[in-house]
Amino acid sequence: MTASAIAVRSGALALGRAAAVLALCSALVHLLLLDGGSLGSVTMVAMAAACLPCAWHLWRSPTGSVWRVTAGVDAAMLVLHVQLLGSGEHLHGAGPSSLMWLGLALVSGQLVLAGAAALRRP
């Protein structure tokens, strides 16, 4: 393997690992939003679990297909959460929680990293 191929591989791995950390943080945010008295908590656990396969694959081998699936899941999450914000469903107290805004920022960060990975691909 040439030096430039090794550099490209290590850069791709670094992007994947950064996105994996964001995915794990996203899962944690979903778990922190659990409400023991709400049936919606089942959905929160499912959403947290959805982050884990992407995190695993991004950490181990961030291939183009892994990035595409991750970007698709992230885009779907953003659309869903923006709709929930608009309908008032995802509100805690008087307005959206800071954890929800953090979750949206984490998913947006993953999308930015997916775009950067797509631009790096030959």
Side-chain angles (χ1 to χ4, degrees):
M1 195 181 274
T2 67
S4 63
I6 291 171
V8 167
R9 173 75 181 134
S10 68
L13 192 57
L15 280 175
R17 290 191 170 177
V21 169
L22 292 178
L24 289 175
C25 290
S26 214
L28 179 61
V29 166
H30 281 96
L31 293 177
L32 290 172
L33 288 169
L34 288 177
D35 176 6
S38 170
L39 188 57
S41 289
V42 174
T43 304
M44 285 296 185
V45 170
M47 295 293 279
C51 298
L52 300 179
C54 288
W56 172 258
H57 292 291
L58 285 167
W59 187 269
R60 303 247 325 152
S61 180
T63 63
S65 62
V66 169
W67 280 112
R68 285 188 294 278
V69 169
T70 300
V73 169
D74 289 342
M77 275 196 223
L78 279 178
V79 168
L80 173 67
H81 284 78
V82 167
Q83 287 176 338
L84 290 173
L85 272 172
S87 70
E89 286 291 326
H90 225 333
L91 303 180
H92 302 282
S97 74
S98 57
L99 280 176
M100 193 174 81
W101 289 113
L102 174 60
L104 290 171
L106 290 168
V107 170
S108 297
Q110 280 183 280
L111 280 171
V112 167
L113 290 174
L119 292 174
R120 289 180 58 91
R121 289 218 149 325

Quiz prompt | Path from M100 to L78 over hydrophobic side-chain contacts below 4.5 Å | solution =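 Yes; L78 is reachable from M100 via cluster members.
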Which distance, rounded to the nearest 0.5 Å, do you find between the [atom1] of [X] and the [atom2] of [Y]?
X    : Y   : atom1 : atom2 : value
C54  : W67 : SG    : CH2   : 10.0 Å
L32  : L28 : CG    : CG    : 4.5 Å
L52  : L24 : CG    : CG    : 6.5 Å
L104 : L99 : CG    : CG    : 11.0 Å
L33  : M44 : CG    : CE    : 4.5 Å

On a heavy-atom basis, which atom in [X] and which in [Y] lie closest, and how many Å separate them?
X   : Y    : value
V66 : S61  : CG2-O, 3.8 Å
L22 : G109 : CD1-C, 3.7 Å
L80 : M47  : CD2-CE, 4.2 Å
A19 : Q110 : O-NE2, 3.5 Å
P62 : G16  : CB-CA, 3.9 Å

Self-check item: Close side-chain approach of L106 and L102, heavy atoms under 4.5 Å
Solution: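 Yes, at least one pair of side-chain atoms sits under 4.5 Å.
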Practice problem: Using a 4.5 Å cut-off on heavy atoms from C-beta on, say whether the side chain of V21 contacts that of C25. | Solution: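 Sidechains of V21 and C25: in contact.
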Practice problem: I would like to know whether S26 and V107 meet side chain to side chain contact (heavy atoms under 4.5 Å, CB included); could you show each step before the answer? | Solution: CA-CA 7 Å; S26 214; V107 170; 3.7 Å; yes
